[in-house]
Q: 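Input: one structure, supplied below.
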Amino acid sequence: MHPLREEGVLPTARSTCGNFLEACDKMPELPEVETLVRGLRETLPGRRILSVRLGKTDFMDDPAAIERGAPGRRIEGVERYGKFLLLRLSPMHGAANGNAARASLLVHLGMTGRLAPSPSALPCEKHTHACFALDDGRELRYTDARRFGRMAFFEEGPLREQLRPLGADPLDVSEEEFAQRIRTRRARIKALLLDQHVLRGVGNIYADESLWRAKIHPARHGAQLTHRQTESLRRALREILERAIRLRGSSISDFVDAAGEPGEYQRRHRAYGREGKPCYRCRTLIRRIQVAGRSSYYCPRCQPTPRWLSGQGRQPKNVTPH
DNA sequence: CTCGATCCCTGGACGC
DNA sequence: TGCGTCCAGGGATCGA
């Protein structure tokens with residue numbers, strides 16, 4: 001039996017205190033991945049990968065390529081691209097074959113993925129599917145119960161190929177590009193925010209939060225939005241993501257930020273997961289509907305339902321994008 | 001091309 | 001206590 005299969009279960013490693021929604025809090029979207037990247041950057045660069053052990057591999061593009069390509073390389077950097085995490089690897093030491101080129105390990109955490117170094121002596125947590133032994137007595141371990149994540153090894157060319165289809169950086173996208181990417185589409189705004197080909201890094205939580213803040217109903221069509229609305233949404237999204245990164249970066253939960261509000265209050269979602277609770281702006285009860293196959297939380301008063309949806313009426317035919 | 005529906009997978013919540 | 005059922009979601013894939 002594979003050593004990783006018999007999972008050495010740590011005595012209830014994490015106190016999963018709290019309800020489901022607090023657990024959702026940890027779902028890796030852009031800010032969570034960014035925080036992880038910053039943490040790994042402190043400790044990984046310069047380390048050499050000595051060996052690789054894999055458990056279940058059905059979420060990996062090409063497990064053999066990882067086993068073949070990673071050992072012997074040095075970790076040169078850690079980067080984020082959307083929700084992807086990139087381990088930049090050196091060319092293979094003194095390699096004359098195909099390993100002379102730079103390469104990267106591409107990691108997506110999916111819903112439940114975690115990536116962290118750990119002393120090799122510690123038993124692996126349950127659902128650990130990849131262990132990279134480092135030259136300092138630690139192992140970089142990937143754990144993912146649901147295996148919705150992804151792991152792959154690429155050299156530069158193929159890596160660019162993988163990342164090329166991804167959309168704009170929501171922290172960086174210009175007013176014009178954002179409007180262009182949204183207002184030319186007839187899909188619902190919620191679907192567009194979640195589409196990694198439109199924007200890279202936004203997930204369900206921050207999509208709902210930014211729509212709440214911009215006062216836009218999740219089922220509106222991209223092409224229905226005014227320029228003023230897309231600009232409001234772009235700013236809301238950027239500010240929420242930036243704040244989330246700041247908050248995640250400070251491990252202390254109850255600090256007071258520049259706005260003078262307690263961190264605990266700040267970090268609470270305004271819409272996501274708050275079905276039946278009063279809107280922070282108008283006290284109307286937050287509702288939950290399905291949009292683009294995902295739960296979507298919104299305030300029915302602040303984010304008015306589009307007319308075509310509210311009545312028995314259906315979607316008008318003339319929402320032609322332009 | 002565009003968009004929506006379906007499926008993958010597991011653990012936790014909930015009902016009986 | 002224990003069992004079954006439902007549900008969460010990112011993204012690939014398929015069909016309309």
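By convention in this document, chain letters (A, B, ...) are assigned in the order of the sequence lines, proteins followed by strands, and residues within each chain are numbered from 1. Being a predicted model, the structure only gives us computed values, none of them experimental.
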Q: Measure from the side chain of Arg186(A), starting at C-beta and using heavy atoms only, and say which of dG11(C), dC3(B), dA8(C) lies closest.
A: dC3(B)
Q: For the side chain of Ala187(A), starting at C-beta, report the closest nucleotide among dG4(B), dA8(C), dG10(C).
A: dG4(B)
Q: Roughly, in whole Å, what's the span from CG in Asp58(A) to P in dA12(C)?
A: 15 Å
Q: Please report, rounded to the nearest Å, how far the P atom of dG10(C) is from the CG atom of Asp144(A).
A: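 Going from Asp144(A) (CG) to dG10(C) (P), I get 13 Å.
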Q: Between dA8(C), dA12(C), dC3(B), which one does the side chain of Arg288(A) approach most closely?
A: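 Selected nucleotide: dA8(C).
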Q: Answer yes or no: does a side-chain N or O of His127(A) lie under 4.0 Å from OP1 or OP2 of dT10(B)?
A: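 No, outside the criterion.
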Q: Whole Å only: how far is the CG atom of Leu166(A) from the P atom of dG10(C)?
A: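 These atoms are roughly 15 Å apart.
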Q: Output the rounded distance in Å from CZ (Arg147(A)) to C1' (dG11(C)).
A: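 Nearest whole value for this atom pair: 16 Å.
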Q: Are dG11(C) and Phe148(A) stacked, with the base six-membered ring and the side-chain ring centres under 5.5 Å apart and planes under 30°?
A: no
Q: Please give me the minimum heavy-atom distance between Tyr272(A) and Glu209(A), naming the atom from each residue.
A: N-OE2, 2.7 Å
Q: Measure from the side chain of Lys83(A), starting at C-beta and using heavy atoms only, and say which of dG10(C), dG9(C), dC3(B) lies closest.
A: dG10(C)
Q: Mind checking Thr112(A) for me? I need base, sugar-phosphate or nothing, with any heavy atom below 4.0 Å counting as a touch.
A: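 Touches nothing.
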Q: Are more than 12 heavy atoms, taken from residues, nucleotides or ligands other than Arg238(A), located less than 6.0 Å from that residue's CZ atom?
A: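 Buried by this count: over 12 neighbours within 6.0 Å.
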Q: Quickly work out the Met111(A) CE to dG11(C) P distance and round it to whole Å.
A: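 Taking atom P of dG11(C) as the reference, CE of Met111(A) is at 11 Å.
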Q: Could you check how far CD1 of Ile189(A) sits from P of dC3(B), rounded to whole Å?
A: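 So the two atoms are 11 Å apart, to the nearest Å.
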Q: For the pair made of CD in Gln196(A) and P in dC3(B), what is the distance, rounded to whole Å?
A: 16 Å
Q: May I ask you to check whether over 12 heavy atoms, not counting those of Arg301(A), lie within 6.0 Å of atom CZ?
A: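 Open: at most 12 neighbouring heavy atoms sit under 6.0 Å from CZ of Arg301(A).
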Q: Look at the side chain of Arg188(A) and decide which nucleotide, out of dG10(C), dC3(B), dG4(B), has an atom nearest to it.
A: dG4(B)
Q: Could you work out which one of dG4(B), dG11(B), dC8(B) sits closest to the side chain of Lys126(A)?
A: dG11(B)
Q: Within the 3.5 Å criterion, strictly below it, is a donor on Ser118(A) or Arg141(A) matched to an acceptor on the partner's side chain?
A: yes
Q: dG10(C), dA8(C), dC3(B): which one has an atom nearest the side-chain heavy atoms of Glu29(A)?
A: dG10(C)
Q: Compare the minimum distances between each of dG9(C), dG11(C), dG4(B) and the side chain of Asn204(A), then state the nucleotide with the smallest one.
A: dG9(C)
Q: Go nucleotide by nucleotide along DNA chain B from the 5' end; which of Ala145(A) and Leu192(A) gets its closest nucleotide reached first?
A: Leu192(A)
Q: Walk me through whether Arg288(A) and Ser295(A) qualify under side-chain hydrogen bond (donor to acceptor under 3.5 Å, both in side chains).
A: CA-CA 6 Å; Arg288(A) 176 169 65 128; Ser295(A) 276; 3.2 Å; yes
Q: Tell me: CG of Leu106(A) to P of dA12(C), nearest whole Å?
A: 11 Å
